[in-house]
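Proteins get letters first, then strands, A, B, ... in listed order; numbering begins at 1 in each.
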2 protein chains.
Amino acid sequence: MTSSAVASYHDDQKINELVDETIGRVADRWTLLVIESLEEAGPTRFSALGRALPGISQKMLTQTLRQMEREGLVSRTVFPEVPPRVEYALTDLGHELAEAFCGVWQWAEKNVARIEQARADYDRRQERG
Amino acid sequence: MTSSAVASYHDDQKINELVDETIGRVADRWTLLVIESLEEAGPTRFSALGRALPGISQKMLTQTLRQMEREGLVSRTVFPEVPPRVEYALTDLGHELAEAFCGVWQWAEKNVARIEQARADYDRRQERG
DNA sequence: CCGCATCCTGTTTGATACTG
DNA sequence: CAGTATCAAACAGGATGCGG
């Protein structure tokens with residue numbers, strides 16, 4: 001914390017709430033996939049992003065991008081052309097988040113088999129019990 | 001995200017879907033808080049966990065723990081006593097996930113101010129435009 | 001003490017149609 | 001192309017009461 005304000009117990013509480021809230025927004029399904037896609041492909045236009053995220057609706061894509069823009073994770077650039085073109089890109093903050101999520105992503109990748117196994121075991125136990 | 005992670009992503013769509021699904025489950029609000037709480041406090045019983053997570057309902061706590069148990073993130077131990085006692089603890093897999101999430105947690109903690117600022121800027125821009 | 005079953009409500013999401 | 005508007009459907013979540 002770089003804040004010059006007095007660091008009190010209550011400040012810590014407030015910060016934890018902010019952290020929780022932030023993670024809650026950022027840990028969203030589509031947000032994660034958008035981050036991944038932009039990190040991988042660089043600046044991408046709206047329709048291309050939609051194609052890159054199978055199953056997302058236009059509405060959810062718009063909503064997700066707006067929220068991410070508000071959080072400062074992506075930038076939105078409108079090109080005054082015909083037909084219109086809008087490109088989305090990760091900001092520095094967004095890029096740093098992508099890197100932070102790397103650990104979770106790798107964990108998931110590395111442990112897919114263990115998780116599948118755990119589910120299978122659990123479900124089998126349920127069927128019997 | 002590392003290039004190897006991205007490469008794997010391209011290599012196997014099935015695994016990617018599993019990874020997405022897994023992250024979707026794990027990125028859940030209560031799941032994160034439960035992981036944090038168990039990582040910090042060690043094995044904890046149901047009611048104590050409820051007290052440690054202000055705002056969670058009994059239903060959501062049960063639901064979250066069941067799902068985590070199914071994914072192999074927590075273990076559930078019933079002590080045949082009167083009154084009944086049930087303790088939850090992180091498995092190795094759960095512990096590793098907690099460590100992986102450290103990066104995201106630290107990112108959020110470190111950037112609370114930047115995000116707040118980004119939101120304020122965005123909202124101000126909206127008011128004008 | 002633990003936690004499942006039920007009911008009920010508010011939010012989230014998808015489909016569709018329309019605008020600049 | 002890049003959205004917005006609207007409506008219905010689906011789902012998450014809370015409250016309550018019961019059972020092991």
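- Salt bridge B:E69/A:R119: absent, no basic N to carboxylate O contact under 4.0 Å.
- A salt bridge does not link B:R125 with B:E127: none of the charged nitrogens is closer than 4.0 Å to a carboxylate oxygen.
- If you walk DNA chain C from 5' to 3' and mark each nucleotide with an atom closer than 4.0 Å to a heavy atom of chain A, the marks span C:dT13 to C:dG20.
- Closest non-hydrogen pair, B:A100 versus A:G103, comes out as CB-O, 3.5 Å.
- Spacing between atom CG of A:L49 and atom P of D:dG3 amounts to 10 Å, rounded to whole angstrom units.
- A donor-acceptor pair under 3.5 Å links the side-chain atoms of B:T91 to the main chain of B:L73, judged by distance alone.
- Within 4.0 Å (heavy atoms only), A:Y88 reaches sugar-phosphate atoms of the nucleic acid but no base atom.
- In this structure, CD of B:Q58 is placed 17 Å from C1' of D:dA12, rounded to the nearest angstrom.
- The nearest whole Å value for the distance from the CZ atom in A:R29 to the C1' atom in D:dA12 is 16 Å.
- Atom CD in A:E81 sits about 10 Å away from atom P in D:dA2, given to the nearest Å.
- Side-chain atoms of B:M68 and B:I35, non-hydrogen and from C-beta on, do get closer than 4.5 Å to each other.
- Note on B:R76: only backbone sugar-phosphate atoms sit closer than 4.0 angstrom, heavy atoms only; bases stay farther off.
- The interatomic distance linking A:E87 (CD) with D:dA2 (P) rounds to 9 Å, in whole Å.
- Here the closest heavy-atom approach between residue A:G50 and residue A:I56 is recorded as O-CG2, 4.1 Å.
- A heavy-atom distance below 4.5 Å is not found between the side chains of B:Y88 and B:T44.
- Under a 4.0 Å N-O distance rule, the pair A:R114/B:E96 qualifies as a salt bridge.
- Side-chain proximity of B:K59 to the nucleotides D:dG14, D:dT4, D:dC1 is greatest for D:dG14.
- Around atom CG of B:D92, no more than 12 heavy atoms belonging to other residues, nucleotides or ligands sit under 6.0 Å away.
- Both B:R66 and B:R51 sit near DNA chain C, but only B:R51 has its closest nucleotide nearer the 5' end.
- Taking atom CD on A:Q63 and atom P on D:dG3, their separation rounds to 14 Å, with Å as the unit.
- The C1' atoms of five pairs define one axis at each end of the helix from C:dC1-D:dG20 to C:dG20-D:dC1, and these two axes lie 50° apart (to 10°).
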